[in-house]
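Quick note: numbers below take in every heavy atom, side chains included, and nothing from hydrogens, waters or symmetry partners.
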Amino acid sequence: MYVPYHFIGLDVHKRTVAFSEMRGDGKPIDSGTFSTRRTAVEAWARARTQPWIGAMEATLFTGHLYDVLTPFAVEIQVGHPARIKAISAAKHKND
């Protein structure tokens, strides 16, 4: 099944954001970091080549990032940190 969206996970910090982008079938596309300055966030968002859905943890700095990225994304999900930690702890890593 073809999914036309890319999925992007965002790890938000005070001065930087780490991201990982993958296709709907799970194939990694891109990863890296960018600054939380508005101009850098907008430049990063404009560089996305496919419509995308983002997810990030709710932190002190998430609100600013959410507001800047919303016009560029199909959808952005923000999760409670404790729930995300519980979900990732339940996953069995095999690497």
Side-chain angles (χ1 to χ4, degrees):
M1 180 173 133
Y2 175 72
V3 178
Y5 303 123
H6 284 185
F7 296 93
I8 301 176
L10 302 162
D11 187 13
V12 183
H13 300 280
K14 186 175 183 177
R15 291 191 172 92
T16 61
V17 178
F19 74 95
S20 180
E21 180 176 0
M22 60 180 52
R23 291 189 331 199
D25 63 3
K27 180 181 179 198
I29 300 295
D30 193 13
S31 64
T33 60
F34 57 92
S35 169
T36 55
R37 290 188 331 256
R38 183 180 192 92
T39 54
V41 174
E42 288 177 347
W44 175 85
R46 284 189 184 97
R48 303 301 98 206
T49 59
Q50 286 286 115
W52 57 279
I53 296 173
M56 63 182 129
E57 194 174 72
T59 68
L60 214 61
F61 313 105
T62 301
H64 157 74
L65 194 64
Y66 182 89
D67 291 342
V68 174
L69 289 176
T70 297
F72 298 99
V74 173
E75 179 181 356
I76 298 179
Q77 295 286 319
V78 178
H80 189 280
R83 298 244 354 213
I84 292 172
K85 184 176 181 181
I87 290 167
S88 65
K91 304 281 185 198
H92 295 287
K93 289 191 158 203
N94 60 4
D95 52 347

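Of all heavy-atom pairs spanning S35 and V41, the tightest one is O-CG2, 3.4 Å. Nearest heavy atom pair, residue T59 against residue T62, reads N-OG1, 2.8 Å. Residues S31 and S20 approach most closely at CB-CA, 4.1 Å, considering heavy atoms.
With contacts defined as side-chain heavy-atom distances shorter than 4.5 Å, the pair I8/W44 qualifies. Using a 4.5 Å heavy-atom threshold, the side chains of D30 and H6 count as separate.
Under the 3.5 Å distance criterion, the side-chain polar atoms of E57 are left unmatched by any main-chain donor or acceptor of V12.
Atom CZ of R37 is separated from atom OG1 of T16 by 11.5 Å, given to the nearest 0.5 angstrom. The line from CD of E21 to CZ of R48 is 4.5 Å long, rounded to the nearest 0.5 Å.
Relative orientation of the F19 and F34 rings is tilted, given thresholds of 30° and 60° on the angle between their planes.
Not counting sequence neighbours, the partners of D11 by the side chain to side chain donor-acceptor pair (under 3.5 Å) test are H13.
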Which side-chain N or O atoms in residues 64-75 pair as donor and acceptor under 3.5 Å with protein atoms at least two apart or in another chain?
residue: H64; atom: NE2; partner: T36; partner atom: O; Å: 2.9
residue: T70; atom: OG1; partner: Y66; partner atom: O; Å: 2.5
residue: E75; atom: OE2; partner: Q77; partner atom: NE2; Å: 2.3

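Linking Ile, Leu, Val, Met, Phe, Trp and Tyr whenever their side-chain heavy atoms come within less than 4.5 Å puts W52 and V78 in one cluster.
Electrostatic pairing of R23 and D25 counts as a salt bridge here, judged by a charged N lying under 4.0 Å from a carboxylate O.
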